[in-house]
Amino acid sequence: MIKITLPDGSVREFDQNVVTPFEVAGDISKGLQKKSLAAKVEGKVVDMDFPIEKDSELSLLTFEDEDGEDTFRHSSSHIMAQAVKNLFPGTKIAIGPAIKDGFYYDFDSEHVFTPEDLEKIEKEMERIVKEDNKFERKEMPRSEAIKLFQELGEDYKVELINDLPEDAKISIYTDGGFTDLCAGPHLPSTGHVKAFKLLNVAGAYWRGNSDNKMLQRIYGTSFPKKSDLENYLNLLEEAKKRDHRKLGQELGLFTLMDEGPGFPFFLPKGTKVKNLLLQYWREIHERENYVEIETPIILNKKLWETSGHWDHYRDNMYTLKIDEDDYAIKPMNCPGAFMVYRNDLHSYREFPIRLGEIGRVHRHELSGALHGLMRVRAFTQDDAHIFMLPEQIKDEIKNVVNKIDEIYEKFGFKYRIELSTRPEDSMGSDEDWENAEASLKKALEELGKPFTINEGDGAFYGPKIDFKLEDCLGRTWQCGTIQLDFQMPQRFDLTYVGKDNEKHRPITIHTVAFGSIERFIGILIEHFAGAFPVWLAPVQAKILTLTDKHNDYANKVYNELRKAGIRAEVDSRNEKIGFKIREAQLQKVPYMLIIGDKEVENDAVGLRKRGEGDLGALPLGEFKERVLKETQERSL
RNA sequence: GCCCAUAUAGCUCAGGCGGUAGAGUGCCACCUUGGUAAGGUGGAGGUCGGCGGUUCAAGUCCGCUUAUGGGCUCCA
């Protein structure tokens with residue numbers, strides 16, 4: 001007899017020696033049996049026909065569970081690989097995992113896959129799904145597995161097996177005529193994959209290493225129901241409408257030109273948004289006792305040798321000659337800030353010293369990596385360098401984390417924190433790195449902020465806490481960061497005079513809140529779908545005249561608003577009011593002020609709010625107060 | 001940097017098999033003076049991303065190149 005304990009604590013008994021999750025599901029209900037894709041037995045994800053031989057805890061996984069969804073997508077990728085191999089014999093298969101919202105499989109093929117091929121592959125997949133082949137698991141010894149895949153000509157699989165740990169159980173799955181190396185689990189059969197779509201082809205290096213061969217990766221997604229697939233595809237369409245590159249164009253915020261790949265041009269409205277963000281930043285930083293500096297864009301090569309950039313960051317730097325000497329355009333602001341620190345003698349009594357800098361940096365990013373405002377070659381960092389005593393580290397980091405949290409809160413952003421540790425190409429002793437990593441970790445833990453660890457992704461001079469924000473498609477981008485640095489103070493021989501009247505080395509952190517103002521604006525545009533809150537809107541109120549009789553009053557309103565510091569525009573064109581409203585609405589202007597006879601008589605404005613429609617007439621004075629209040633509070 | 005795709009008017013896009021370009025929108029002018037998401041008529045705008053080749057003839061075919069998009073790699 002076997003006792004199965006379910007997640008709700010209930011226990012079911014089976015009068016047999018072996019029971020499968022499929023049988024357990026059937027014992028609960030036929031519906032659940034049909035919906036279940038895989039199971040978790042004693043914490044391990046397994047197939048529905050996994051033999052359970054002893055009393056166990058079991059939970060059934062459906063598409064609603066993350067593991068169930070992954071199983072579903074993973075099986076989908078097998079079906080795609082099978083279809084590709086059927087249609088293009090000789091194709092070698094590499095890896096095909098489930099990913100967020102879908103799956104991919106990497107192929108090595110003489111044939112170059114085209115969008116038309118994707119349709120053919122989908123047709124073949126449909127056929128395989130209709131066959132409803134069972135996914136059958138088989139375990140085998142390493143040598144046998146290697147032999148099998150050698151015979152199949154699957155070199156990548158052989159390489160994968162060779163890299164598995166000595167004691168690893170090697171399992172393969174076969175459905176219909178297709179066999180693949182796979183840890184599993186899989187769906188009971190191919191017939192479950194009712195709705196799928198192949199989305200695009202992309203190049204991808206084998207094992208993500210650019211020294212390896214480039215394979216062809218096909219991305220797709222799949223769902224148990226057709227309607228779910230349609231919903232997802234609609235969501236993608238909707239997301240495209242929020243794309244900051246599209247909105248940036250439509251709203252006249254910024255533009256990119258062939259003449260400056262990766263070097264965005266900010267148009268008047270985009271520049272306004274940028275300046276409003278910087279104004280906010282300056283207010284916060286003044287409140288937090290930062291002082292602002294400005295350091296040169298171009299500095300002598302010697303400085304970059306001192307900082308280590310010349311050795312560790314040279315590939316990303318633009319260099320130039322001035323007279324006979326080598327110079328570089330700064331890719332980071334830190335060396336300049338350290339020079340400012342070194343310009344004076346410092347006492348421990350001054351600490352912490354917080355130097356802020358709105359600094360434009362240039363980095364040579366790979367051409368293929370450029371992406372709208374999100375990845376550019378010139379951007380503005382809202383930088384800060386803090387110099388302090390070792391015992392101030394933890395509190396200072398906490399201050400900075402709280403400050404970044406406050407700023408992101410202002411925009412209603414969800415964010416993720418990652419702690420990045422020592423990369424391969426780095427400077428400094430193991431001990432320094434361990435200390436640095438430990439103090440960052442401790443600060444986060446004491447604040448109770450959840451975070452994940454990103455191994456080997458630190459800066460070359462120290463570990464860092466990264467704040468990541470999402471774009472409209474759920475891609476994450478690093479924005480804020482706090483980087484601890486034990487290296488630069490040594491390299492620049494930074495010192496302070498301590499209580500003991502001796503020279504000591506200060507601790508330094510580098511930190512940004514927005515990160516790159518350009519990237520942050522990109523995220524902002526997508527987050528608000530271009531409809532900025534009143535305080536950030538480049539045009540806060542658009543004055544729309546009914547007829548040209550109303551132009552004088554409209555201009556009076558305009559002048560009064562401008563005098564009060566409200567960003568207004570007048571649309572006195574010879575057009576109907578519906579037309580002007582439509583245009584202002586598409587430009588996502590928060591307030592529209594309709595001016596007709598009624599308004600002129602009562603010294604009022606006909607208020608219409610973006611997203612809310614006609615709000616009726618309001619005395620001009622009241623409207624002014626309302627906007628000023630919202631602007632001052634920076635309300636969402 | 002690598003793989004694939006794309007590049008036509010300010011913007012969004014049409015242009016089967018090669019025969020020197022078209023729509024909508026925007027812009028300008030005129031008519032219309034209209035109360036909450038597109039009023040009407042007319043006009044101006046393009047050496048079809050760039051360079052080279054094939055051809056009597058190239059937006060269309062070929063090569064190279066630049067930029068953009070989707071990824072990989074790398075990073076704020």
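Since this is a predicted model, take the numbers as computed values, not measurements. Reminder, nothing fancy here: chain letters follow the sequence lines and each chain counts from 1.
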- When both distances are under 3.5 Å in a Watson-Crick or G-U wobble arrangement, the nucleotide paired with U6(B) is A67(B)
- Note on the structure: From CD1 of Ile594(A) across to C1' of G34(B) the rounded distance in Å is 14 Å
- Task: On the 0 to 90° scale, with breaks at 30° and 60°, tag the Phe514(A)-Tyr280(A) ring pair as parallel, tilted or perpendicular.
- Result: tilted
- Separation between the C1' atoms of U68(B) and C56(B), rounded to whole Å: 36 Å
- Phe579(A) has its side chain closest, among U36(B), G39(B), A76(B), to G39(B)
- Given the P atoms of G10(B) and U47(B), what is the spacing between them in whole Å? 9 Å
- Item | Watson-Crick or G-U wobble mate for A21(B), both contacts under 3.5 Å | none
- Task: Would you indicate what Asp315(A) reaches in the nucleic acid, counting non-hydrogen atoms under 4.0 angstrom: base, sugar-phosphate, or nothing?
- Result: nothing
- Message: Nearest to the side chain of Val376(A), heavy atoms from C-beta on, is which of U36(B), G35(B), A76(B)?
- Response: A76(B)
- Message: Between C61(B) and C48(B), how far apart are the two P atoms, rounded to whole Å?
- Response: 15 Å
- How are the rings of Phe107(A) and Tyr105(A) set relative to one another: parallel (under 30°), tilted (30 to 60°) or perpendicular (over 60°)? parallel
- Between the side-chain atoms of Gln249(A) and the base atoms of G10(B), is any donor-acceptor pair under 3.5 Å? no
- Message: Here's one to test your reading of the geometry: is the NZ or CZ of Arg363(A) within 45 degrees of the ring axis of Tyr318(A) and under 6.0 Å from its centre?
- Response: no
- Please work out whether the ring planes of Phe413(A) and Phe411(A) are parallel, tilted or perpendicular, with thresholds of 30° and 60°. parallel
- Reckon Lys598(A) touches a base, only the sugar-phosphate, or nothing at all at heavy-atom distances under 4.0 Å? base
- Nearest-neighbour nucleotide for the Gln585(A) side chain, U36(B), A37(B), A76(B) considered: A37(B)
- Distance below 4.0 Å between Lys464(A) side-chain N/O and A76(B) OP1 or OP2: yes
- Task: Please measure how far the P atom in U12(B) lies from the corresponding atom in C72(B), and state the result in whole Å.
- Result: 26 Å
- What is the distance from CZ of Arg377(A) to P of U68(B), rounded to the nearest Å? 8 Å
- Please state the C1' separation for the pair A38(B) and A44(B) - nearest whole angstrom. 22 Å
- U36(B) P sits how many Å from Ile577(A) CD1, rounded? 9 Å
- Ranking Pro261(A) and Phe379(A) by the position along RNA chain B of their nearest nucleotide, the one closer to 5' is Pro261(A)
- Message: Between C1' on A38(B) and CD on Glu583(A), what's the gap in Å once rounded to a whole number?
- Response: 10 Å
Expected rows: protein N/O vs nucleotides 69-73 of chain B N/O, under 3.5 Å:
residue	atom	partner	partner atom	Å
G69(B)	OP1	Arg245(A)	NH1	3.1
G69(B)	O3'	Arg245(A)	NH1	3.3
G70(B)	OP1	Arg245(A)	NH1	3.3
G70(B)	OP1	Arg245(A)	NH2	2.8
G70(B)	OP2	Arg245(A)	NH1	3.1
G70(B)	OP2	His371(A)	ND1	3.2
G70(B)	O2'	Asn200(A)	ND2	2.8
G71(B)	OP1	Arg475(A)	NH1	3.4
G71(B)	OP2	Arg475(A)	NH1	3.0
G71(B)	O3'	Tyr219(A)	OH	3.2
G71(B)	O2'	Tyr219(A)	OH	3.2
G71(B)	O6	Gly368(A)	O	3.3
G71(B)	N2	Gly203(A)	O	3.4
G71(B)	N3	Gly203(A)	O	3.3
C72(B)	O4'	Gly203(A)	O	3.2
C72(B)	O2'	Tyr205(A)	N	3.0

- Message: Can you check the distance between A7(B) and A76(B), where both ends of the measurement are the P atom (answer in whole Å)?
- Response: 35 Å
- Item | Result of checking Arg416(A), Lys464(A), Arg519(A) against Gln478(A) for side-chain hydrogen bond (donor to acceptor under 3.5 Å, both in side chains) | Lys464(A)
- Do the ring planes of Tyr591(A) and Phe623(A) sit parallel (below 30°), tilted (30 to 60°) or perpendicular (above 60°)? perpendicular
- Item | Atom of Thr481(A), atom of Thr511(A) and distance for their closest heavy-atom approach | O-OG1, 3.0 Å
- Item | Charged N-O contact under 4.0 Å between Glu518(A) and Lys274(A) | yes
- Item | Spacing of Leu267(A) atom CG relative to G10(B) atom C1', expressed in whole Å | 13 Å
- Who pairs with G16(B) - Watson-Crick or G-U, where each distance is under 3.5 Å: none
- Message: What's the closest nucleotide to the side chain of Thr547(A) if the choices are G34(B), G35(B), A76(B)?
- Response: G34(B)
- Task: State whether a side-chain donor-acceptor pair under 3.5 Å links His285(A) with Asp382(A).
- Result: no
- Query: What is the pairing partner of A57(B), taking Watson-Crick or G-U wobble pairs with both distances under 3.5 Å in any strand?
  - Reply: none
- Whole Å only: how far is the CG atom of Leu199(A) from the P atom of A5(B)? 18 Å
- Between Ser367(A) and Glu518(A), which has a closest nucleotide on RNA chain B that is more 5'? Ser367(A)
- Query: For Arg573(A) and A38(B), what is the distance between atoms CZ and P respectively, to the nearest whole Å?
  - Reply: 14 Å
- Query: Rounded to whole angstroms, how far apart are CG on Asn551(A) and C1' on U33(B)?
  - Reply: 11 Å
- Message: Would you measure the distance from the C1' atom in C13(B) across to the matching atom in G50(B) and give it in whole Å?
- Response: 22 Å
- Counting any heavy atom closer than 4.0 Å, what does Glu599(A) reach on the DNA or RNA strands: base, sugar-phosphate only, or nothing? base
- Note on the structure: Closest of U36(B), A37(B), A76(B) to the Gln483(A) side chain is A76(B)
- Item | Counter-base of C48(B), judged by Watson-Crick or G-U geometry with both distances under 3.5 Å | none
- Query: Just checking Met374(A): base, sugar-phosphate only, or nothing, at a heavy-atom cut-off of under 4.0 Å?
  - Reply: base
- Which part of the nucleic acid, if any, lies within reach of Gly596(A) when heavy atoms closer than 4.0 Å are counted: base, sugar-phosphate only, or nothing? base
- Message: Using a distance-only criterion (donor-acceptor N/O pair, under 3.5 Å, no hydrogens), is the base of U66(B) paired with the side chain of Asp258(A)?
- Response: no
- P atoms of U6(B) and G63(B), separation to the nearest Å: 13 Å
- Task: Looking at every strand, decide which applies to Glu365(A) at a 4.0 Å heavy-atom threshold: base, sugar-phosphate, or nothing.
- Result: base
- Message: Please name the nucleotide paired to G42(B) by Watson-Crick or G-U wobble geometry with both distances under 3.5 Å, or report none.
- Response: C28(B)
- Item | Neighbour count above 12 (heavy atom, 6.0 Å) for Glu292(A) CD | yes
- Under 6.0 Å from the six-membered ring centre of Tyr104(A) and within 45° of its axis: does the NZ or CZ of Arg217(A) meet both? yes
- Message: Which is it for G45(B), anti or syn, if anything within 90° of zero counts as syn?
- Response: syn
